[in-house]
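Accompanying notes for the structure given below.
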Amino acid sequence: GSSKEETTQTGSSAEQSSAAELSSEDIIKAAAENGSVGNWGLGNEYEVLALLSKYDLGSDYLSQDFTMDGFDDDSITLASAMTYNELGLVKNDYDGGYGYGDSVEYIDMNDEGVAMLEDNIFCTEDFAKENPNTVAAFLYASLKGWEYAVENPEEAAEICYTYGSSVSAEHQAYMAEEVAKLVTTDTQGETVTDIGNMDEDAMQQTLDIAKEYISLDDSDADAALQSLTLDDIRDSSYLEAAKSSDGTFDVEKSEVSIQLKWLPDAQFMGYYVALDKGYYKEVGLDVEIVAGGGDIAETTAVNNGTVDFGVTWVSNLASANAGGMNLVEVAQIFQRSGLVLVYKPENFE
Amino acid sequence: MVTGKNTAIEIKDLNVTFQDNSGNDVRALKEINLDIEEGEFVALLGPSGCGKTTLLRTVANLQEPTDGKVRVLGKTPKEVRLEKKFGFVFQAPVLLDWRTVSKNIELPMEIMSYEKEERKRRTKEMLELVGLGEFAQHFPRQLSGGMQQRVNIARAFGLRPEILLMDEPFSALDEFTKEKLHIDLLRIWEQTNKTILFVTHNIQEAVFLSTKVCVLSPHPGRLSAVVDIDLPKRRELEMRETPHFNELVTKVRNSFEGGSY
Amino acid sequence: MVTGKNTAIEIKDLNVTFQDNSGNDVRALKEINLDIEEGEFVALLGPSGCGKTTLLRTVANLQEPTDGKVRVLGKTPKEVRLEKKFGFVFQAPVLLDWRTVSKNIELPMEIMSYEKEERKRRTKEMLELVGLGEFAQHFPRQLSGGMQQRVNIARAFGLRPEILLMDEPFSALDEFTKEKLHIDLLRIWEQTNKTILFVTHNIQEAVFLSTKVCVLSPHPGRLSAVVDIDLPKRRELEMRETPHFNELVTKVRNSFEGGSY
Amino acid sequence: MRKFKGLLEKKWFSTIFWIILLAAGWEIAAVYVGYVKRTPENILPHLYQIVAAAISKDPVSADMTATGLVLSAAAATILRAVVGYVIGMIVGFILAVLMKMSGIIEKMFFPYLMLILLIPVLGMAPIVLAVTGDIDKSRIIIAAILSFYPVATNTLAGLKSVPKEQLDLMFIYAAKPIEVYKKVLLPTAVPYIFSGLKIAAPMAITASILVDTLQGDGGLGCILSQSLKHAMSIYVFWLIVFFSAFIGIGSTYLLGGIEQFMLPENRNKRKIKRKVMKDERRSLQEKEELICQSKI
Amino acid sequence: MSAEVYKKKKSLYARAKSSKKAQAAGTIIFPAILGAVIFILWQSQGLHKILNTDLFILPLPTKIISLIGSNFADIMVNVKTTLIEVIGGLVFGCLLGYLVAIAAASKPNIGKGGLAVLGAFASVPVVALAPVMNNWTKDVSSEAEVRSMVAKIIVIALITGANMCLNSYRGLINLPPYAEDLMATYAAKKKWVLLKLRIPNSLPYVFVALKIAVPSAIMTAIVSEYFAEYISGVGREIRENIVLAQYTTAWAYIMIACVIGVGAYILLMVLSKAVLKNYPKQG
Ligand SMILES: Nc1ncnc2c1ncn2[C@@H]1O[C@H](COP(=O)(O)OP(=O)(O)OP(=O)(O)O)[C@@H](O)[C@H]1O
Ligand SMILES: Nc1ncnc2c1ncn2[C@@H]1O[C@H](COP(=O)(O)OP(=O)(O)OP(=O)(O)O)[C@@H](O)[C@H]1O
Ligand SMILES: [Mg+2]
Ligand SMILES: [Mg+2]
């Protein structure tokens, strides 16, 4: 306990003295040469790879396990963190957090121009074609949920709780705040008002980075990936139908499910709010939210029909389609990358 | 053989060969020819390692002949075994350690689906016969070597099998117990008129019990002599003192190859 | 006892009691008193289950007395055992399956760190002694019952122990092999002058081999008679035909309780 | 001193001894870690801290205390593990019997059984899900798959360990296969089967925790990965580590107890005891009757 | 009627007659037959019908094999990592387990609890054990590759150790009747009883344990690779590719894991034939 606070203080004083002078390029170079850049891999690494390549650095990085312990003990000096999750744990000193406060700094992928878009809503193309109204209705209600959630993050966090969230209350509140930022700000830092919008430039950038850094051993799949265009992975017609609707739908399938990308928490607060506030009911849908976070990838689950909708990242969707699935993104919830590389300035003096 | 009786066991040109570890042949039995009539009580005599056990096992279908023919009651040993007509007293008592003495004796009766009452009755009777009445609820490891052997005998007697094969059943017993069991075995044989083939090292015992003594010679195991024992069917302990008995013993002894027995 | 010799084994008021499964006592040995001088060859006789094995095991420190005192060479059995002065031939041969015959015989010599040369030499000698020269490289499961017992004997002889305890060593053997081993055992005893305590069921064997026959009675096991055998130390097979030998046999037989032996 | 010796004889003593030894080692390491690491509780907390977390009333997620959270999540996981374990046990047992009956089946299938164990949970999961169409069933099946193999292997070894002489005995009596199994093979195999079960038990629990996250709705696995990620108190993670270890020790002892109960020899002993008691009661009754009669 | 159980007996005699080579061939031929059947079923998509799955999740073997062919070098790098973990873990684990079993067998009063405690380690799920070991081995080396290898080896060792311990313990105490008495009459020191009696007696049990330990070591390696700091290994690749829905590649690595498993199995059989050649045949 006490030792933690001391380090925190020395950390922050060190920061004031010198680290501010270092550019992000210096830091990345120093960390990469040290072999101590961290990422989780498993499809989370492309932005980091793009960043490394931007500065002509090798593509080696250390694998981070679930924890930030590697960052804590300095075996990883430049660690990946999602703004709405790991970054909070690093900074905050609530139960489970590492309590570094503002003594740590980070490099934002959006600022570096290597941002990739994350959480979206998708389904199979066949499903969308057969159930256009259901898709539109689902989007309508979900977006309504998200709108409410970003305006009332505190309440949204509490709602997540009632649906079996598995994080602590303080962290949930923090997450909700940060997720709201991702939903309402784009890669350029501009405020976004039409939630769910599939921004052409950002998506193209995401796809381009994906094409460059996703390496597939399967040569057929690799060729398919290289020839993917935005039209192969997204369809904005359902979003338009939802936006232009008056809120009444003639749904083809009323019982639908959505598989999240991870365990239930505020990262997915929009859906929980929509469910809790009865938005889904209003459009005639009976929605089941299936928690993710595991070894049955959301793309697989949607593709084999176990669930109807899924939340995934654009890059995952691209590689799945390259592998032979036929999935379409129907809305883009997160408008900017949530990935940052966090570091302790004193390590780079 | 031209007798009024049926042949119980017919052995023709029997050879049994084992392989040792260097792949050489060990001839346990060579060219054995032997006919045993139904109701006969045949003793097998011979030095250690001459193939007595192997012969018994072959008759009981526990060992395949390498060569030659074995017929039991006119059928193959396997058929007879499947008809559950064999009783076998193993040389070393084979008892299931987790079963009590009485449960061990009941084992074959359970397999042959005897009524529970019948099982209990016979088991009790057999336990008395071998003098282990008090030890019914003991486990085999709580018994002395001789007592284990007696359980082994009781188990085979309990069944009244058509063909009783006994491999040195009495060698671990003291003379008193042995004599008692001799008499009991003879009574069972007389009453039921079953065929008995049994191995012993004791010439007196062989002559006293059997109607025919077969002598085996070792390396390789061959049948070197068959001595008919013409004592009356009903044997009494006193017979062992008669000159005729001693003559027979001497005859058997002399029939050993080289006569060194 | 006032002799020039030392007492090899001294047993005083020895009781050994086992528990059966219903918690009742089984008295295996009751109030045994026995003194054996160094260099004596003592035979233990008695009906099956009378406690012979238990007595041997108690002397060898394999069984704790329930009561009473046992001294061997003036020390406790445990001390003597730890001095590696016992040889024990178990009633059922205890052979390790994964060792060949010769390796089984070598086992105790390996434990006692004999030189390799010495081990090989003695093993070979012992194998010849028990007539198993050709079977040195066989595994126990490839031997007949009598052959296994001979390996068991060879292993104990190989060591030349101070005190040799033998539990029915010869009962699985044919008379010819047995006689040969009798003579060999007697030669070893004569030459080395070790103390031997051995169990048998055969009165002739007991008289022929021993200097003293101890007769046990069953339920509970008591020492009912001790018969001194005053035959000359150097025994010959022919002695068995002498009247004195027969007298001794009769004396032992009559010493059995109730005389029914 | 003698008291201590008596203690040494006690069965549970050695477990306590080892636990104390381990705890001492843990604490020494924890003190060391406490000096050299910034956040020692993430690496090696003091045991008292873990105990404190276990009895603490503070909620760690929603309104649940750490212990409450672990136990409620454990209920689902353990239940799945038990069901999977039982299925695995039955399947493993049947496979062993089949392999014992036919050498060809053994040679043919044994290597593949091992492969089923090897095809990692991940590769198998989507297929199992496709076959069953139900995530909970899939979880149970995967837990079963991970636990059948040790049972099958050990049972087979047990069935093969029967001395040849005993089989000869049954052979002579031309006993039906079922009887050979009932009267000789299975009684001999009992200790082997239980070794297999003891090895399989922790595997089933591990498997069940692993498959909790196939889709993340509850169960120890989800709480484990969240607490590991520090999304809630790290002590929840340590509680789960200790909880599963205790379950492991518990299962070893439980199975040991059942084994003692099931050993054919002990069953026969109980029968004898019951009989003795019955006889005693009867003779007591007879005595009482006699006394009554004499009084009259 | 009782033919089945004894049919085997007969075939045993028959086999005893036939050469040892024929017997060894059977060990390979029979699994090969079944392998061929599975292969044909799989390639003809019959397996897909049985398992109610599609070509996407369970790609055709030819496709998998050609993928292995075209990425052989990459795959070998990962195979090497996994092999080192498995072999290291097995060696340490089995030694550890065997030593604990020996301790338990020679001092049952103290040792028996050790069995339960080692079993407890095996009960801590790999998912928890792996990250804990990562943290505990941070100071082992400054090289991430080395320290994560050490962490994985420890996890595998603990899991396989528990199983080796349980099985070999039985082998160390289930001695032939009176064998201990025999040793007692020679006043054999514990060392000798161990060397000449307990250890040889336990060898068949050790091989039973190995039959379980080998696949569970591979399985543990695969799972613990998910958590390792240094990215390498068959298991890691399987996971990456499944998350990316690249099932062909994932199956390529699964197949590689199976090949490792089968190789280990054959090795184990050969070893056990050699070591147990003096032992009575089981069954
Ligand atoms: N472990 C034991 N538990 C209970 N009773 C036992 C045990 N060992 C021996 N006994 C009993 O002790 C008595 C004597 O047994 P012991 O083995 O000494 O007989 P023995 O004279 O050697 O007989 P045999 O000539 O048949 O070998 C027997 O009644 C036997 O049942
Ligand atoms: N499984 C086997 N493998 C190799 N050789 C064997 C096998 N079984 C028996 N033999 C050999 O066959 C011969 C005869 O053995 P068998 O058991 O029939 O003798 P036996 O006459 O019963 O002797 P004993 O009186 O000593 O019991 C022996 O030389 C023995 O070594
Ligand atoms: Mg024999
Ligand atoms: Mg005895």
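A note on names: the letters A, B, ... follow the listed sequences, proteins ahead of strands, and every chain is numbered from 1. This structure is a prediction, so every number in the text was calculated from the model and none was measured.
When the shell of 6.0 Å around CG of D:L284 is examined, it contains more than 12 heavy atoms from other residues, nucleotides or ligands. Counting heavy atoms of neighbouring residues, nucleotides and ligands inside a 6.0 Å radius, atom CE of B:M112 exceeds 12 of them. More than 12 heavy atoms of other residues, nucleotides or ligands lie within 6.0 Å of CD in B:E118, so this atom counts as buried by the packing criterion.
For chain D, no part of B:L165 is nearby; none of its heavy atoms comes within less than 4.5 Å. Interface remark: D:V276 contributes no atoms to any contact with chain B (heavy atom separation under 4.5 Å).
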At a cut-off of 3.5 Å, what donor and acceptor atoms pair up between chain B and chain D?
unit_1 : atom_1 : unit_2 : atom_2 : d
B:R57  : NH1    : D:D168 : OD2    : 3.1
B:R57  : NH2    : D:D168 : OD2    : 3.2
B:R81  : NH1    : D:F171 : O      : 3.0
B:W98  : O      : D:N268 : ND2    : 2.4
B:E110 : OE1    : D:K183 : NZ     : 2.8
B:R141 : NH2    : D:E265 : OE1    : 3.1
B:R141 : NH2    : D:E265 : OE2    : 2.0

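When all heavy atoms of D:I172 and B:A60 are compared, the closest pair comes out as CD1-CB, 3.4 Å.
Under the rule for a ring pair (Phe, Tyr, Trp, His ring centres under 6.0 Å), the partners of B:F90 that lie at least two apart in sequence or sit in another chain are B:F88.
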